[in-house]
Amino acid sequence: MASNKITLSLLLFLAIFTYAKAKRGPLKETTMTVYFQDYSGDRNTTVIEVPGPSTGPLNFSRFGAMFVTDDPITGEFGEGSAPIARGRGMYVTSALDGSHTHVTLSVVFIDGEHKGSTLEIQGSSAQLEPVREVAVVGGTRKFRLARGYATFETLYYDPARKFAIIQSNITVFHYYKYC
Ligand SMILES: *[C@@H]1O[C@H](CO)[C@@H](O)[C@H](O)[C@H]1NC(C)=O
Ligand SMILES: *[C@@H]1O[C@H](CO)[C@@H](O)[C@H](O)[C@H]1NC(C)=O
Ligand SMILES: *[C@@H]1O[C@H](CO)[C@@H](O)[C@H](O)[C@H]1NC(C)=O
């Protein structure tokens, strides 16, 4: 009986493992050699020191400006609705002309069906566009091995309070069975 159980478990494990591997598809390898041309002097500068916290109004288009965030994330549009996650991370204005920000952000689920799991959002965001898209590069717990993308659209902005509500649609593939 015991050995039957072990055989059954092993078969089940192999079946799940094979299924997951099959879903991942074949691996493709690409190699490349690239060169970053990095100017750190005072002419045509492409890299600068991150300045300290600003005391004036935030300027998101200033190259090198760095921001740290811990936004409440809600399941409903309304301001003050119960947060299901926090958006914790940072973004740095990474285009010389201020058009793009580099986002490194964790969506830390604190309530609801995904509580205890996280998603990692990382990439270049065209911050002046009405809809921005950034990659989802990973996750934890329920979202292990997550891959996908997230869109961001500012639906509401109150300039007096400098308060924005940004809608984000997240699509991910992940191996829920690994949980
Ligand atoms: C800086 O950029 C300008 C415009 O692209 C170019 O004409 C100039 O030679 C550059 N200066 C240096 C020191 O590289
Ligand atoms: C923000 O920074 C950009 C780039 O340095 C500059 O052109 C712009 O005037 C600044 N805006 C404000 C409101 O300070
Ligand atoms: C995000 O999803 C909402 C609800 O389905 C939809 O109305 C909106 O157009 C979507 N936004 C983008 C940028 O796809």
Side-chain angles (χ1 to χ4, degrees), residues 24 27-75 77 79 83-110 114 117-175:
R24 263 186 261 182
L27 278 178
K28 184 174 180 297
E29 190 178 333
T30 302
T31 63
M32 67 180 80
T33 305
V34 300
Y35 304 90
F36 286 73
Q37 316 280 343
D38 186 71
Y39 299 91
S40 61
D42 55 2
R43 300 286 298 276
N44 295 349
T45 308
T46 60
V47 57
I48 58 172
E49 194 180 336
V50 175
S54 164
T55 47
L58 301 184
N59 186 345
F60 295 98
S61 56
R62 186 165 48 81
F63 179 55
M66 184 178 192
F67 307 90
V68 178
T69 180
D70 185 356
D71 282 347
I73 297 173
T74 58
F77 173 82
E79 181 185 4
I84 55 164
R86 308 288 306 193
R88 292 182 175 143
M90 56 192 154
Y91 43 103
V92 180
T93 306
S94 57
L96 289 167
D97 65 2
S99 62
H100 286 68
T101 183
H102 189 84
V103 181
T104 312
L105 183 76
S106 300
V107 178
V108 181
F109 291 93
I110 56 168
H114 307 312
S117 299
T118 64
L119 281 173
E120 291 304 315
I121 290 174
Q122 187 194 309
S124 190
S125 170
Q127 62 174 342
L128 306 177
E129 297 298 320
V131 178
R132 289 81 69 188
E133 182 168 327
V134 181
V136 177
V137 296
T140 62
R141 302 281 288 270
K142 196 171 186 177
F143 295 121
R144 286 176 187 176
L145 296 169
R147 281 285 182 277
Y149 59 94
T151 59
F152 297 90
E153 186 176 8
T154 306
L155 293 190
Y156 173 82
Y157 181 64
D158 176 353
R161 294 163 62 211
K162 301 201 185 305
F163 168 68
I165 301 177
I166 300 155
Q167 182 180 57
S168 177
N169 298 348
I170 301 174
T171 302
V172 283
F173 291 119
H174 59 102
Y175 292 100

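The first residue of the sequence shown is numbered 1, and numbering continues consecutively from there.
Among pairs with a residue in residues 83-105, those fulfilling ring-ring contact (aromatic ring centres under 6.0 Å, His included) read Phe67-Tyr91, at least two apart in sequence or across chains. Residue pairs meeting the salt bridge (charged side-chain N to carboxylate O under 4.0 Å, His left out) criterion with at least one member in residues 87-97, sequence neighbours excluded, are Asp70-Arg88. Listed by first then second residue, pairs satisfying side-chain hydrogen bond (donor to acceptor under 3.5 Å, both in side chains) with a partner in residues 121-134 read Arg132-Thr154, not counting sequence neighbours. Residue pairs meeting the salt bridge (charged side-chain N to carboxylate O under 4.0 Å, His left out) criterion with at least one partner in residues 147-158, sequence neighbours excluded, are Asp158-Arg161. Within the structure, the salt bridge (charged side-chain N to carboxylate O under 4.0 Å, His left out) test picks out no pair touching residues 52-69 (sequence neighbours left out).
Nearest heavy atoms, Leu105 versus Gly87: CD1-C, 3.6 Å. Nearest approach of Gly98 to Thr93, heavy atoms of both residues: CA-CG2, 3.8 Å. The shortest non-hydrogen separation linking Ile165 to Glu79 is CD1-N, 4.3 Å. Shortest non-hydrogen contact noted between Ser168 and Phe152 is OG-CE2, 3.4 Å.
Listed by chain and number, the residues in a side chain to side chain donor-acceptor pair (under 3.5 Å) with Thr46 amount to none (sequence neighbours excluded). Thr45 is linked by a side chain to side chain contact (heavy atoms under 4.5 Å, CB included) to Ile48, counting only residues two or more places apart in sequence or in another chain. Residues satisfying the side chain to side chain donor-acceptor pair (under 3.5 Å) test with Asp71, not counting sequence neighbours, are Thr69. Partners of Ser106 according to the side chain to side chain donor-acceptor pair (under 3.5 Å) rule, which considers only residues two or more places apart in sequence or in another chain, are Glu120. Applying the side chain to side chain donor-acceptor pair (under 3.5 Å) criterion to Asp42, with sequence neighbours excluded, gives no partner residue. Residues meeting the side chain to side chain contact (heavy atoms under 4.5 Å, CB included) test with Ala85, sequence neighbours left out: Ile73, Val107, Phe109. For Gln37, the side chain to side chain contact (heavy atoms under 4.5 Å, CB included) partners are Tyr35, Tyr39, not counting sequence neighbours.
Two residues are said to be in side-chain contact when any heavy atoms from C-beta on lie closer than 4.5 Å; Thr74 and Ile84 fail this criterion. Between Ile110 and Pro83 the shortest side-chain heavy-atom distance falls below 4.5 Å. The closest side-chain heavy-atom distance from Ile170 to Val136 is below 4.5 Å.
Within 6.0 Å of atom OH in Tyr157, more than 12 heavy atoms from other residues, nucleotides or ligands are found, so the atom counts as buried in its surroundings.
From Phe173, atom CZ reaches atom OH of Tyr149 across 8.0 Å, with rounding to the nearest 0.5 Å. A distance of 15.5 Å separates OG of Ser99 from CZ of Phe60, quoted to the nearest 0.5 Å.
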Exercise for the section: Could you check Asn59 against Ser61 for side chain to side chain donor-acceptor pair (under 3.5 Å), going step by step and ending with a plain yes or no? Expected result: CA-CA 6 Å; Asn59 186 345; Ser61 56; 3.0 Å; yes
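Side chain of Ser117 to backbone of Lys142: a donor-acceptor contact under 3.5 angstrom is found.
Between the side chains of Thr118 and Thr140, at least one donor N or O lies within less than 3.5 Å of an accepting N or O.
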